Participant: 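Can you keep this structure in mind? I'll have questions shortly.
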Amino acid sequence: MKVLVVSDSHGRHDLLRKAIGQEAPIDMLIHAGDIEGDLERILGPKREYSVRAVAGNMDWGFGLEASLTFDMGGHKVFLTHGHHYGVSWNMAGLREAAENCGADVAIFGHTHRPFLEEQNDILLLNPGSVSKPRQAGLKKTYAVITIDDQSGEMKVRFKSLRGVTGWA
C-alpha cells in the first residue's frame with residue numbers, strides 16, 4: 001500500500017496536485033488540514049485512491065471533521081491538524097489523544113515542519129507543508145508511507161516537490 005500524506009496546502013491546489021502527480025499511483029491520500037478549499041472539488045470525481053482529510057484552523061465551511069480515526073493497512077491512524085493539541089509546543093496532547101483511541105500512528109500538520117518520531121509505541125508524523133514551509137531550506141515537503149501487504153511493515157519517507165522552493 002502506498003499512501004501520500006500532505007498538509008497545509010493553503011489554497012495552493014496546483015502544488016497539492018503536483019505532489020499527487022509526483023507520487024502516482026497511490027492507494028490513499030491523507031490531508032492533515034489547512035486545505036482552504038473543497039477537497040472533493042479540487043481532486044475531482046475520477047480518482048483511483050481513497051481520501052482521508054481533516055479541517056485545519058483555516059478550513060471553515062467544508063464539512064470536515066477536526067479529527068478522524070481509521071485503518072490504514074493494518075495500522076490504526078489518528079488524523080488531526082494539531083492546533084487543538086498544542087503541537088507547536090510539544091507532542092504530549094497529540095500523543096495522549098492517539099493513545100486514547102488506540103492508534104499506533106498519529107498524523108498531524110499545523111507547524112509546516114516535517115516531523116517523525118516514535119513516542120510510547122506511537123509514530124508521530126507531520127509531512128510538513130506543500131505550500132508554505134517553515135523549516136531550514138524552505139523545501140515544500142510531503143510524506144510517503146509504504147506498508148508491506150504481507151508483513152504490515154511501515155516505512156515513511158519525506159519528499160519534496162521537484163522544481164519548487166520557497167514560500168508560495
Side-chain angles (χ1 to χ4, degrees), residues 1-89 91 93-115 122-134 140-145 147 154 156 159 161 164 167-168:
M1 173 179 224
K2 182 177 180 182
V3 181
L4 173 60
V5 184
V6 298
S7 189
D8 296 283
S9 50
H10 287 283
R12 287 300 307 268
H13 311 315
D14 58 324
L15 297 176
L16 173 58
R17 287 187 202 102
K18 183 174 176 78
I20 294 167
Q22 276 185 200
E23 296 304 326
I26 59 174
D27 298 300
M28 181 184 286
L29 170 68
I30 295 174
H31 199 303
D34 278 355
I35 301 162
E36 294 189 47
D38 182 346
L39 193 56
E40 289 299 318
R41 190 186 222 176
I42 295 162
L43 300 175
K46 294 184 179 181
R47 58 179 184 267
E48 297 181 9
Y49 52 88
S50 61
V51 176
R52 302 288 187 276
V54 292
N57 56 297
M58 302 299 289
D59 294 319
W60 307 291
F62 296 107
L64 295 170
E65 300 291 329
S67 63
L68 295 174
T69 304
F70 58 92
D71 180 72
M72 178 183 72
H75 295 272
K76 190 168 184 181
V77 176
F78 175 71
L79 172 64
T80 189
H81 186 59
H83 59 296
H84 293 297
Y85 298 96
V87 297
S88 295
W89 295 278
M91 298 296 126
L94 176 68
R95 188 184 63 245
E96 182 179 336
E99 286 173 353
N100 288 342
C101 67
D104 61 321
V105 179
I107 297 175
F108 67 103
H110 190 60
T111 67
H112 296 227
R113 292 179 180 91
F115 181 86
I122 298 173
L123 186 68
L124 306 175
L125 169 62
N126 184 329
S129 173
V130 292
S131 72
K132 297 180 183 214
R134 293 183 182 154
K140 298 173 186 315
T141 60
Y142 58 88
V144 175
I145 299 172
I147 301 173
M154 182 171 46
V156 179
K159 297 180 92 175
L161 291 177
V164 184
W167 246 55

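Nothing fancy with the numbering, it's 1 onward along the sequence. A quick note: this is a predicted structure, and the numbers were derived from the prediction, not measured.
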Participant: Would you call Lys159 and Gln22 a side-chain contact if the rule is heavy atoms closer than 4.5 Å?
Facilitator: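 Of all side-chain heavy-atom pairs linking Gln22 with Lys159, none is under 4.5 Å.
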
Participant: For Thr69 and Phe78, which heavy atoms make the closest approach, and how far apart are they?
Facilitator: OG1-CD1, 3.9 Å

Participant: Using a cut-off of 6.0 Å, state whether more than 12 heavy atoms not belonging to Glu65 lie near its atom CD.
Facilitator: no

Participant: Which distance, rounded to the nearest 0.5 Å, do you find between the CG of Leu64 and the CG of Asp59?
Facilitator: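 Those atoms lie 6.0 Å apart.
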
Participant: With a 3.5 Å distance limit and no angle check, can you tell me whether Thr141 reaches the backbone of Pro127 through a side-chain donor-acceptor pair?
Facilitator: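 Checking the backbone N and O of Pro127 against the side chain of Thr141, a donor-acceptor pair under 3.5 Å is found.
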
Participant: Quick one: does Met154's side chain get under 4.5 Å of Leu123's, heavy atoms only?
Facilitator: yes

Participant: Indicate yes or no: at least one non-hydrogen side-chain atom of Leu43 is less than 4.5 angstrom from one of Ile20.
Facilitator: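 Touching, per the 4.5 Å side-chain cut-off.
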
Participant: Closest approach of Phe108 and Ala32, non-hydrogen atoms and distance?
Facilitator: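 Scanning both residues completely, I find the closest heavy atoms to be C-CB, 3.7 Å.
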
Participant: Examine distances only and state if a side-chain atom of Lys76 and a backbone atom of Asp104 form a donor-acceptor pair shorter than 3.5 Å.
Facilitator: no

Participant: Strictly distance-based, threshold 3.5 Å: is any side-chain N or O of Ser9 a donor or acceptor partner for the main-chain N or O of Glu36?
Facilitator: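 Judged by distance alone, no pair lies under 3.5 Å.
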
Participant: Check Val130 against Leu15 and note the closest heavy-atom contact, atom names and distance.
Facilitator: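 Val130 and Leu15 have their closest heavy atoms at O-CD1, 3.3 Å.
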
Participant: Report the distance from atom OG of Ser7 to atom CG of Asp34, rounding to the nearest 0.5 Å.
Facilitator: 6.5 Å

Participant: What distance separates Ile145 CD1 from Ile26 CD1, expressed to the nearest 0.5 Å?
Facilitator: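 Reported to 0.5 Å precision, the distance equals 11.5 Å.
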
Participant: Without swapping roles, check the side chain of Lys2 against the backbone of Glu23 for a donor-acceptor pair under 3.5 Å.
Facilitator: yes

Participant: If you round to the nearest 0.5 Å, how far is CZ of Arg113 from CG of Asp8?
Facilitator: 11.0 Å

Participant: Below 30° counts as parallel, above 60° as perpendicular, anything between as tilted: where do the rings of His83 and His110 land?
Facilitator: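 Rings of His83 and His110: tilted, as their planes differ by 30° to 60°.
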
Participant: On a heavy-atom basis, which atom in Tyr85 and which in Leu94 lie closest, and how many Å separate them?
Facilitator: CB-N, 3.8 Å

Participant: Give every residue pair that meets the ring-ring contact (aromatic ring centres under 6.0 Å, His included) criterion with at least one member in residues 9-58, sequence neighbours excluded.
Facilitator: His10-His112

Participant: CD1/Ile42 to CZ/Arg17 distance, rounded to the nearest 0.5 angstrom?
Facilitator: 6.5 Å

Participant: Could you state the interatomic distance from CE (Met91) to CG (Asn126), rounded to the nearest 0.5 Å?
Facilitator: 7.5 Å

Participant: Counting C-beta onward and ignoring hydrogens, is there a side-chain heavy-atom pair between Ile35 and Phe62 closer than 4.5 Å?
Facilitator: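 When only atoms from C-beta onward are counted, Phe62 and Ile35 do not touch, as no gap falls below 4.5 Å.
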
Participant: What is the minimum heavy-atom distance between Val87 and Gly109, and which atoms define it?
Facilitator: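 Where Val87 meets Gly109 most closely, the heavy atoms are CG2-O, 3.9 Å.
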
